[in-house]
Amino acid sequence: MKYGGKSTDVCTHRTVLDQDFEHLWDILKITGVCSSDGLHVDGSVLALVGEMSEERKVVILKVFQKLDSHRTGVVSSDEMHKFFNPHSHPDVIEGKKSPEEAWFALFNCLCPSTNDITVCYRDFEHYYEGVSIETKSDTSFMSSIKNYWGLC
């Protein structure tokens, strides 16, 4: 899935009836995310599902603040790696990925360019907006994020 200009490993496939698709397409045209130059993924996702709840945004901000110890507004891959706990990741728990594979999957989503070894808050939050779509419960989302990043 492309979200926020970055690929995420959050990928879903949904079946949509033709009449529902037409209704969704009308919503996208009305909200301006579908224009003559194509469909803007960021806007279309937000138009259809809305933004993350404030509670989720607060947790994401707390994680970023923990990672950004120098208060520069960007975090390095080293800072992220230092605090990321892949052992609580569902794919690691299920044996689908090793802890390092879970780290590299996250890193590649946040830093897709080989020249890019830092992440700003906007991109960090954008990534987690994509993850948030897959998690219905605020409690589950916030618990997972806290476990991944060692927040109490």
Side-chain angles (χ1 to χ4, degrees), residues 1-14 16 24 27-28 30-35 37-152:
M1 170 187 239
K2 288 292 248 182
Y3 192 77
K6 300 190 184 253
S7 296
T8 69
D9 59 357
V10 177
C11 186
T12 63
H13 299 281
R14 303 278 192 247
V16 179
L24 293 173
I27 292 170
L28 296 176
I30 291 168
T31 59
V33 296
C34 177
S35 64
D37 64 338
L39 181 66
H40 302 281
V41 176
D42 291 353
S44 63
V45 170
L46 290 177
L48 295 173
V49 298
E51 292 187 20
M52 275 194 297
S53 69
E54 287 304 312
E55 293 86 4
R56 293 180 186 207
K57 286 183 177 186
V58 166
V59 170
I60 297 304
L61 179 59
K62 284 181 181 180
V63 168
F64 192 83
Q65 288 173 331
K66 177 180 180 173
L67 300 175
D68 186 16
S69 60
H70 301 293
R71 303 293 182 243
T72 60
V74 295
V75 294
S76 72
S77 61
D78 290 339
E79 290 169 316
M80 289 186 291
H81 194 255
K82 177 178 160 184
F83 290 106
F84 183 65
N85 175 17
H87 300 287
S88 61
H89 192 283
D91 288 345
V92 173
I93 292 169
E94 294 173 17
K96 294 178 183 176
K97 290 183 181 176
S98 70
E100 279 304 304
E101 288 171 327
W103 159 247
F104 283 117
L106 172 69
F107 177 75
N108 288 331
C109 289
L110 291 170
C111 304
S113 167
T114 56
N115 299 331
D116 209 5
I117 58 167
T118 60
V119 176
C120 67
Y121 176 71
R122 185 181 147 287
D123 290 342
F124 193 78
E125 184 184 51
H126 240 132
Y127 170 77
Y128 278 108
E129 282 177 342
V131 173
S132 179
I133 292 168
E134 287 296 305
T135 311
K136 294 189 185 323
S137 161
D138 281 346
T139 305
S140 292
F141 177 83
M142 292 184 295
S143 176
S144 295
I145 300 306
K146 288 176 180 180
N147 286 334
Y148 294 156
W149 295 104
L151 284 183
C152 297

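Side chains included, hydrogens not; waters and symmetry mates left out as well; all remaining heavy atoms used.
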Compare all side-chain heavy atoms of [X] with those of [Y] and state whether any distance is below 4.5 angstrom.
{"X": "L61", "Y": "Y121", "result": "yes"}
{"X": "E100", "Y": "P86", "result": "no"}
{"X": "L106", "Y": "Y127", "result": "yes"}
{"X": "R56", "Y": "E129", "result": "no"}
{"X": "I145", "Y": "Y128", "result": "yes"}

Counting only heavy atoms not in K57, do more than 12 sit closer than 6.0 Å to its NZ atom? yes
Verify the neighbour count for atom NZ of K96: are there more than 12 heavy atoms of other residues, nucleotides or ligands below 6.0 Å? no
What distance do [X] atom [atom1] and [Y] atom [atom2] have between them, rounded to the nearest 0.5 Å?
{"X": "C120", "Y": "E125", "atom1": "SG", "atom2": "CD", "answer": "10.0 Å"}
{"X": "I117", "Y": "L110", "atom1": "CD1", "atom2": "CG", "answer": "13.5 Å"}
{"X": "E55", "Y": "F141", "atom1": "CD", "atom2": "CZ", "answer": "11.5 Å"}
{"X": "S143", "Y": "L151", "atom1": "OG", "atom2": "CG", "answer": "11.0 Å"}

Please check: side-chain N/O of H89 versus main-chain N/O of D91, any donor-acceptor pairing under 3.5 Å? yes
N/O donor-acceptor pair under 3.5 Å between K66 side chain and G150 backbone: yes
Considering non-hydrogen atoms only, spot the tightest contact between V119 and C111 and give its length. CG2-SG, 3.4 Å
Can you say whether the rings of Y148 and F84 are parallel (under 30°), tilted (30 to 60°) or perpendicular (over 60°)? tilted
